[in-house]
Amino acid sequence: MREAEFRDWLLNKGYAAHSVDSDISRMRRVEAAMPDYDLPDRDLDSAFERDELEGVLAALRGSIDALPEKTPPEALVPRSNNYDERLRKALRCTELYRDFCREADGAAPGDAERVRRYALDRYIRPARTQGRPHVDIPVREVNEALDLKNHYKNICQALAGPKMQALAGVPAPARPEKIDSPFTIFRFELGGFDRRMLERLRRMFEQKYPDFRDFTESAGYGSAEDDYKRALIARTDELLTEYRDADDAALGAALLDLISGRGGLRSNLLDWRVAKLVADIRSSVPGVMEEAAGSLARDEDGIAAVAGFAERMWPYLNEKVPGSRPFAESRTIPTMVRAMVDPLQIIGIRSTPTDNAAKMLLGRPAFALQPLTASELEGVVGLARRIFDIMKDEWRWKPRDLWDVQGFFWETCQKRLAPDENRAVLDDEMDTDMDSPTNLILYGPPGTGKTYATAREAVRLCGESVPDDREELMALYRSLAQKGRIEFVTFHQNFSYEDFVEGLRPTTGDSEDDGDASAGFSLQAQDGIFKQIADVAASNRGKVIDNGPRSIDRSRKVFKMSLGRSRSSADDIIYQDALRDGYVVLGWGGDVDWSDRRYDEWEAIKERWRQDHPEASGNDPNMSQMYTFRINMEVGSLVIVSDGNRKFRAIGEVTGPYQFVPGPNGEYNHRRSVRWLWHSDESLPRERVYSKELSQVSVYQMNSRYVNWDGLEQTVTTGGDDAATSGTPEGHVLIIDEINRANISKVFGELITLIETDKRLGMPNALTVRLPYSKTLFGVPANLHIIGTMNTADRSIALLDTALRRRFTFREIAPEPELLADAAARCGIALPAILGTINDRIEYLIDCEHRIGHAFFMDCATRADVDAVMRDKIIPLLEEFFFEDWGRIRAVLGHGFIGERTLKAPPGFDGLERKSWFVRMPFADDAYERLISPSGEDDAITVEPEAQPA
């Protein structure tokens, strides 16, 4: 075994030094046990070289399956009560050693390597050396695909070689595919969509255009990249009408002139070289490209039409571009034409930014060295549509068509950012790291959908794919909240630092031995909601990657158990020994060996204990605790090890029956073997797994109704201190609703500094502080994101604490009347225009922060629904906004909603007449029409005072 190299490899992977020492020791035992398994090799390195390391892994798995009937070799696992756990750790370490060998020596010299070499020698290298353009699979993609066994079939079927099929062990297809088309490319879908990289691109775009709010409101972006495209699209529509009855060549000539800048309008769609190439082909073979372009514009199937244009024009492009292959031109020319005709379905392609976008977001290029194919275009359009949906639903950028995505690519993807692993970029101006934690405040008037936007953002920051369906989104949000990855808190005027970070609270004695529980109460530091989720986030090291089962059977019994007193340093060794050797141990029960089967019954336990202690009552913990530990606890039960009454520090699964093992000083003599699923030096709040406070009883069965199974499973899947994980901590989110309603400086305290992006744990300028009550060091982990919401009508954004403003990004969630189109169709009222008019008038009379949100009307299906919203929600809001100044309220809504009558002075009072205002019941029949009437209100409306309520 290459021990020193393996040690360095593990340390470079981020494993702790003490964990590495344990793994090295386990691997020595694995190597020593190889003769006991009758393996042909006697050391791990020779087994790897002979392609037989899988035999070692199979032997270890067989030993696990054979338990408990057959014990493993003593050289591998010294006599122990915890064979299962030790075997699983040995298996995990052996898999790590296999991965080390593969990285150190290159790809494993097994089937995968032979298939890879055959693919290279048979297809790829000849294609490159002989200039054959028809097949080009990048070596990186072949290696990555071959690392996954389920890709063997794809490779063999694609390359259609019987030798390769035999190597991969897959039956030959009935009708093998041929590799003879110059337009065929075989690709593998590797990796997923990189949302973090997309956020980096978004930040770059916003930095380049500081005035950008959305695609409909940005002078800078519009003049630079958008205005001329809108003019070209409008002109294309006109050309399609003008040339409706003309032949394809006439229409195509007009469209080619347009995109080349020869149609009387500015056009940057083709650079001067491509424009000249188009002109040269049209000059040398008149009518050919024109006819192809016209056919492309009129074809019903846009993707097939674009690919057909590329294939048809390829010989002419080749002829006009001697010495190189005009692959880029085969993509740009037809997609620019078709995207003008069909901007919602096809994206105009400029090769470099589009290819860079695919490499950054999908981890693979968009194009091969070949003319544009239908499959390539489908991939690019699919990527563009996905980004379009994100722009629309999450960013609220109001994209109109795929030209907005094309502009985004053009502005952000001219150069390719380095992968996230390096956290670096290739261009000095592109230095924004979107892997950093998020501090975000969503602000806007009431009813704009801030709650929904917050849920979407929280799910995204947790690393999950955001569903389009609202119900699916909220179900995913609730699931993440149940797992403890999303926490929600609402600020108010009395919210304090003690509620948010930590504070002293009166508590009763919490000794975990019944006899030592202290009387009265004491003041102890308790964590607030921010510290709780920060601790949970900091404990997350990513998903466990070992072979142990991590899903939880929710029918199992769950027990709380203490292992020593949580605050007793002398007893800590009890806990540490239990972790190391895989057991739980009970201090009650004296020095009696309870393993005899006659103690399977409660009465037998009671009778035996009273032999030595005749005065013992039925509540004596030596009997009740032993009954729970000996009989009620079963193999397969889960054990949660407490740390005081408010935290827990380990979770295990019982794997063996009761055992009597005399402990030091005659104490802690009773054990049960466990497989530790999770444990951590940093205890977590018990709310993560149990909704009731933990009892002081040493061991008892927890009420399954109060067990948070989602949180329990989430904890187990992160593995804890010793488990091998993905190494990428999962995102956690704290949502602070009404963040502007509390005294920010009082609530946040020193967190004002700690939440800064570069001050987070693991970041370049990481800081920690010693908390005032617990005296512990505390820092904010980088995988904890903070989202605040703020109702601008409740309090002006200008009044928010300046220190907080500097540390948060602010994103406005504004009213979007256009989202009411469906509701308007259902109830027959022009709701978008109604809301727009109301908001314009409010903004004129007060400011934009007091506008009305579209969400109030989203669920309206009838006029009665709209009337109810106006009467019960909108008018009361306006009363608050205008301090019951009914004259201004009527200025907003008009006479159709607000009526007036004249009050004469009472007898004996000399005074002027006064007006009395009232909300009409019902509203006027034409109230909504007159509200949006371009000619203004008709004041000549007759109101019968006696018919109206005062």
Side-chain angles (χ1 to χ4, degrees), residues 16 436-440 461 484-489 491 495-505 507 510 522-542 566-567 569 572 642-650 678-689 711 715 718 720-721 729-736 739 742-788 801 803-804 806-808:
S436 58
T438 297
N439 295 330
L440 173 67
L461 291 172
R485 293 181 59 192
I486 298 176
E487 290 287 352
F488 183 94
V489 63
F491 277 5
F495 207 82
S496 66
Y497 177 90
E498 287 74 16
D499 300 314
F500 196 54
V501 185
E502 70 165 13
L504 294 178
R505 295 287 185 270
T507 59
D510 65 350
S522 61
L523 292 175
Q524 294 181 6
Q526 291 190 21
D527 296 341
I529 188 169
F530 184 89
K531 188 171 185 297
Q532 287 182 6
I533 192 171
D535 288 344
V536 170
S539 72
N540 191 293
R541 296 168 178 82
S566 61
R567 291 179 177 82
S569 59
D572 186 59
S642 60
D643 183 9
N645 288 356
R646 289 172 296 280
K647 291 188 175 183
F648 68 99
R649 51 181 174 172
W678 174 90
H679 63 86
S680 174
D681 291 338
E682 299 296 329
S683 302
L684 296 183
R686 56 91 185 157
E687 292 88 350
R688 185 170 172 85
V689 296
T715 304
T718 62
D721 284 345
E730 296 174 295
H732 291 66
V733 179
L734 174 63
I735 299 172
I736 306 173
I739 193 172
N743 184 331
I744 294 299
S745 59
K746 177 183 176 183
V747 171
F748 273 78
E750 65 275 1
L751 294 186
I752 284 291
T753 299
L754 296 185
I755 65 173
E756 290 186 46
T757 297
D758 65 326
K759 306 297 192 303
R760 302 289 191 97
L761 296 177
M763 304 304 281
N765 301 314
L767 289 179
T768 58
V769 299
R770 192 169 297 280
L771 296 176
Y773 298 111
S774 64
K775 307 303 179 185
T776 59
L777 285 175
F778 175 72
V780 180
N783 62 322
L784 175 58
H785 308 281
I786 305 172
I787 302 176
D801 188 285
L804 193 71
R806 292 200 312 269
R807 291 165 171 86
F808 277 78

May I ask you to test the T753-V769 pair for a side-chain heavy-atom distance under 4.5 Å?
no

Distance (rounded to the nearest 0.5 Å) between F808 CZ and I736 CD1:
5.5 Å

Closest approach of S642 and R649, non-hydrogen atoms and distance?
O-NE, 3.5 Å

Nearest-0.5 Å distance, CD of residue E687 to CD1 of residue I533:
12.5 Å

Rounding to 0.5 Å, atoms OG1 (T438) and CD1 (I755) come to a distance of 12.0 Å

To check you understand the geometry: which heavy-atom pair defines the closest contact between F491 and I739, and what is its length?
CD2-O, 3.6 Å

Could you tell me whether D643 and K647 have a side-chain N and a carboxylate O separated by less than 4.0 Å?
no

Is F488 close to I529 at the side-chain level, that is, under 4.5 Å between some pair of heavy atoms?
no

Could you walk me through whether L751 and F778 satisfy the side-chain contact (heavy atoms from CB on, under 4.5 Å) test, starting with their C-alpha distance in whole Å, then the side-chain angles of each, then the deciding distance to 0.1 Å, before giving a yes or no?
CA-CA 10 Å; L751 294 186; F778 175 72; 3.7 Å; yes

Any chance you could measure L771, atom CG, to Y773, atom OH, to the nearest 0.5 Å?
10.5 Å

Heavy atoms, side chains only, cut-off 4.5 Å: are S539 and L684 in contact?
yes

On a heavy-atom basis, the closest approach of H679 and A650 is CB-CB, 3.7 Å

Heavy-atom side-chain contact between H732 and P781 under 4.5 Å
no

CG (L784) and CG (N439) are apart, to the nearest 0.5 Å, by 8.5 Å

Which of parallel (below 30°), tilted (30 to 60°) and perpendicular (above 60°) describes F648 and W678?
tilted

State, with a plain yes or no, whether a side-chain heavy atom of R646 is found less than 4.5 Å away from one of S683.
no

Considering non-hydrogen atoms only, spot the tightest contact between A782 and M763 and give its length.
CB-SD, 4.1 Å

Quick one: which residue pairs count as a salt bridge (Lys or Arg N to Asp or Glu O under 4.0 Å) with a foot in residues 746-759, not counting sequence neighbours?
E756-K759, E756-R807

In this structure, CD1 of I735 is separated from NE2 of H785 (nearest 0.5 Å) by 12.0 Å

According to the interplanar angle, ranging from 0 to 90°, do the rings of F495 and F500 count as parallel (below 30°), tilted (30 to 60°) or perpendicular (above 60°)?
perpendicular

So, do S745 and I752 sit near enough that their side-chain heavy atoms are less than 4.5 Å apart?
no

Identify the heavy atoms of R760 and I786 that sit nearest to each other, and give their distance.
NH2-CD1, 4.0 Å

State, to 0.1 Å, how close P729 and N540 come at their nearest heavy-atom pair, and which atoms those are.
CB-O, 3.3 Å

Would a 4.5 Å heavy-atom cut-off, applied to side chains only, mark E487 and Q532 as touching?
no

